[in-house]
Amino acid sequence: MLGGYACITIGQSDHPWSWNLAFGLAAIVMTISLITFVFTKKHLGPIGLSPFESEGEEDIVVSERGEPTSIPRAQAVPKISTTKRKWLELSVFIGTLAVVPLIMMMVRKTEYTDYFMYTIGPLTLIYLVYEMSRHTWNESKKLIAALIFILFSILFWAFFEQAGGSLSIFANRNLDDNLLGFIKVNPVGVNNSANSLFVIIFAPIIGLLWLAMAKKKIEPNTVIKFGLGFIFLGLAYFVFFSTRFFTVGLGIANLNVFTLAYLFVTIGELCLSPIGLSIMTKLSPAKLQGVMMGMWFLASAYGQYVAGLIGAGLAGDNEGSSLTEKLLTYTAGFKQLGVYAIIAGVVLIVISPLVKKLMQEVK
């Protein structure tokens, strides 16, 4: 929340090194975060330990009722020698460093990003089909359910990640700087930080809501929660669209209405994102959990990739347009995104019985 506002404030300053300082600030705070982790990891128990463990070690898991229990780690994960485990862990670090230059190359030359995105998705699907052929039909059905969640998440992030593109440009060009009638703020800073603020406020509230509904046996299942995530996101884009009716000048919309839309964005995200992370591990066989988590984040990458294409389409060739014309162009695009998001949500809710059958006993 603080970083999103601080980086844009520094980046838009008149200092010649403003953008360098903004990105440098991110690196500094990430380093502080790493130091904090090193000194607090003892409180995390087994969370995040290597999945390759020696015979006899135990892991802490949580039952469906939320009660802590323990199982021999060797029953849940591959059992290998300590030496091999250390080499595998070291290879992860080496591999991570090795791909950094490749990522930098893809950032500098976007056509390389295009090539990567065109190939990595199909190759991953082929690999998943191969793995499914080596598992039982019941395990494969769960992987099919996971794949459905992954594919729909691409759509969700494509709409959600407009925050870093078209919504950011819209905030910069077409919003006033008056929040709540008396606070002068940078509208792009609000675009960057509003979602984080609402997550901080509403994450515990929605978490408690799910628990309360579960006690009354009226909690919606995972698929319906995914569908609700899309519907709330669609409602958010209809609120973004409505900013054209709340103008404070020629082509300048009301920041308060824009900020309100982020409340709906956040509720949609809280219906989908935490549940998606959890369901990937629950639906995957132990040996494929890492692969499926990788596919979940690959879906996020595809979502952001598609978000860039959508954002470019929304912007169009409007460099010479007036502020009013830009306002109408962007809000018309937001309306379309709202329609698509709600359609996706309705489709998910309709097919929820089928997906629930594929998930079998997984809750």
Side-chain angles (χ1 to χ4, degrees), residues 47 51 59-69 71 75-77 121 124-157 160 203 206-207 209-233 267-300 302-303 341-363:
I47 298 172
D59 196 358
I60 303 299
V61 297
V62 178
S63 67
E64 287 187 10
R65 295 181 179 180
E67 300 166 349
T69 184
I71 59 171
Q75 291 181 11
V77 295
T124 304
L125 288 175
I126 291 171
Y127 176 74
L128 181 61
V129 171
Y130 165 73
E131 284 290 351
M132 288 169 64
S133 68
R134 301 172 62 195
H135 288 79
T136 66
W137 175 232
N138 282 337
E139 289 175 325
S140 295
K141 285 193 288 187
K142 292 178 184 179
L143 290 172
I144 293 171
L147 186 59
I148 292 172
F149 288 123
I150 287 170
L151 294 175
F152 271 92
S153 73
I154 294 175
L155 280 179
F156 184 88
W157 297 121
F160 180 90
I206 290 182
L209 176 64
W210 295 144
L211 292 174
M213 294 178 75
K215 286 182 179 179
K216 296 182 179 180
K217 301 187 183 302
I218 57 172
E219 181 187 11
N221 64 49
T222 300
V223 195
I224 291 179
K225 287 179 182 177
F226 258 62
L228 290 174
F230 274 98
I231 289 173
F232 276 107
L233 188 63
I267 294 174
E269 180 189 10
L270 289 172
C271 284
L272 182 144
S273 183
I275 299 163
L277 294 170
S278 171
I279 207 68
M280 286 303 107
T281 55
K282 290 179 179 178
L283 289 172
S284 308
K287 291 183 179 180
L288 281 181
Q289 285 184 357
V291 172
M292 297 309 293
M293 287 298 291
M295 288 189 68
W296 175 259
F297 285 105
L298 179 62
S300 176
Y302 269 99
I342 289 178
I343 290 174
V346 171
V347 169
L348 267 170
I349 292 172
V350 169
I351 67 172
S352 63
L354 171 63
V355 180
K356 193 176 177 182
K357 285 184 179 179
L358 292 172
M359 294 170 64
Q360 299 164 73
E361 80 283 356
V362 175
K363 304 295 180 183

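Quick note: residue numbers are just sequence positions, from 1.
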Open item on the list: As an exercise, state the distance from OG of Ser284 to CG of Leu128, rounded to the nearest 0.5 Å.
Closed with: 9.0 Å
Open item on the list: Using a strict threshold of under 4.0 Å (side-chain N to carboxylate O), is an ion pair present between Glu139 and Lys142?
Closed with: no
Open item on the list: Measuring from atom CE of Met280 to atom CD1 of Ile150, what distance do you get when rounded to the nearest 0.5 angstrom?
Closed with: 4.5 Å
Task: Taking every non-hydrogen atom, the tightest pair across Ile231 and Gly345 - done: CG1-CA, 4.2 Å
Open item on the list: Ignoring hydrogens, what is the shortest heavy-atom contact between Gly227 and Ile349? Give both atom names and the distance.
Closed with: CA-CG1, 4.1 Å
- [ ] For Phe226 and Val355, run side chain to side chain contact (heavy atoms under 4.5 Å, CB included): C-alpha distance rounded to whole Å, both residues' side-chain angles, the deciding distance at 0.1 Å, then the answer.
- [x] CA-CA 12 Å; Phe226 258 62; Val355 180; over 6 Å; no
TODO: For Lys225 and Pro220, work out which heavy atoms get closest and say how close.
DONE: CE-O, 3.3 Å
Task: Atom pair CE (Met295) and CG (Leu288), whose distance is rounded to the nearest 0.5 Å - done: 10.0 Å
- [ ] Of all the heavy-atom pairs spanning Ser153 and Ala299, show the shortest one and how long it is.
- [x] OG-CB, 3.3 Å
- [ ] Could you tell me the separation between the CZ atom of Phe149 and the CG atom of Leu348, rounded to the nearest 0.5 Å?
- [x] 7.5 Å
Open item on the list: Could you check whether atom NZ of Lys356 has more than 12 heavy atoms from other residues, nucleotides or ligands sitting under 6.0 Å from it?
Closed with: no
Task: Non-hydrogen side-chain atoms of Ile148 and Val223 separated by less than 4.5 Å - done: no
Task: By ring pair (Phe, Tyr, Trp, His ring centres under 6.0 Å) - contacts of Trp157 (at least two apart) - done: Phe160
Open item on the list: How long is the straight-line distance from CD1 of Ile275 back to CG of Asn221, given to the nearest 0.5 Å?
Closed with: 10.0 Å
Open item on the list: Which heavy atom of Ala214 sits nearest to which heavy atom of Glu219, and what is that distance?
Closed with: CB-OE1, 3.3 Å
- [ ] For Thr281 and Gln289, indicate whether the former's side chain and the latter's backbone hold a donor-acceptor pair under 3.5 Å.
- [x] no
Open item on the list: Run the ring pair (Phe, Tyr, Trp, His ring centres under 6.0 Å) test against Phe152 and tell me which residues pass, sequence neighbours left out.
Closed with: none
Task: Distance, nearest 0.5 Å, that separates CE of Met292 from CG of Leu147 - done: 6.5 Å
Task: Nearest atoms (heavy-atom pairs only) where Ala344 meets Phe230 - done: CB-CD2, 3.7 Å
